[in-house]
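Worth saying up front: this structure is predicted, and the values here are computed from it rather than measured. Sequence positions, counted from 1, serve as the residue numbers for this chain. Quick note: numbers below take in every heavy atom, side chains included, and nothing from hydrogens, waters or symmetry partners.
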Amino acid sequence: MKFFDKLSFKIYSLIILMISLIFGILLTNLIELSDIVNMSEEFISEYFWWTVVTTLILIVWSVRNIIYGGNNISETTSGILLENKNGKLLITKDSISNLIETVVKENSKISNVSTKLEFDESNNITVFLNISVDKGISVKDTTADIQKKIKETVKKTTDLDIREINIKIKNIEQIDVIKE
């Protein structure tokens, strides 16, 4: 949720709480309805323009929350939300990262894999991949092969496009491969 939405929700909740408390006090006869009406009339007559402006703001705010309040912002930040006539599908960042790491780990000359993903408005993915490679490989050929395999696998599995794959070699080391 964005900051304004959180603030809006909290303030609006406080307003509803105050209204509920007033009704609760009225129901228990701690204050008479005529007392509240008199206080409201005095306040409105003394602060007429403030009351009008506040009322208009609350009306606009209510309409805004009714129209836009149902959008779940957190869904789209945790993955890619796809919709069709049958419903919705949320493919999370974790699932895409796991898929990418599985593809990379198929190459026995690569280790210490970590991924970071970014999505754009068109659901295109940018991948940031950190890896360690074996000292005996061609880094250029191996990374080009990995980029190609990642793009193909993600497209085949999720039908999503990867815009680019940025690879950072964090270490070149001797990777011991256990032969079976």
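Side-chain N or O atoms of T143 include one that pairs as donor or acceptor with a backbone N or O of K140 at under 3.5 Å. Here the side chain of N107 pairs a donor or acceptor atom with the backbone of K109 at under 3.5 angstrom. T158 contributes no side-chain N or O that, together with a main-chain N or O of K155, makes up a donor-acceptor pair within less than 3.5 Å. Looking at N98, its side chain does come within 3.5 Å of a backbone N or O of D94 through a donor-acceptor pair. Remark: side-chain polar atoms of S97 are paired, donor with acceptor, to backbone N or O of K93 under 3.5 angstrom. Judged by distance alone, the side chain of S45 and the main-chain N or O of E42 form a donor-acceptor pair under 3.5 Å. Side-chain N or O atoms of E118 include none that pairs as donor or acceptor with a backbone N or O of T126 at under 3.5 Å. Between the N29 side chain and the E32 main chain, no donor and acceptor come within less than 3.5 Å of each other.
Residue I150 holds its CD1 atom at 10.5 Å from OG1 of T102, rounded to the nearest 0.5 Å. We find the CD1-CD1 distance between I16 and I11 to be 13.0 Å, quoted to the nearest 0.5 Å. Rounding to the nearest 0.5 Å places CD1 of I110 at 7.0 Å from CD1 of I167. Interatomic distance, S95 OG to L90 CG, rounded to the nearest 0.5 Å: 8.0 Å. Separating the CG atom in L33 from the CD1 atom in I22 is a distance of 11.0 Å, to the nearest 0.5 Å.
Within a 6.0 Å radius of NZ in K170, other residues, nucleotides and ligands contribute more than 12 heavy atoms. The neighbour count for K148 NZ, taken as heavy atoms of other residues, nucleotides or ligands under 6.0 Å away, does not exceed 12. The neighbour count for F128 CZ, taken as heavy atoms of other residues, nucleotides or ligands under 6.0 Å away, is above 12.
By the 4.5 Å heavy-atom criterion applied to side chains, V113 and L129 are counted as neighbours.
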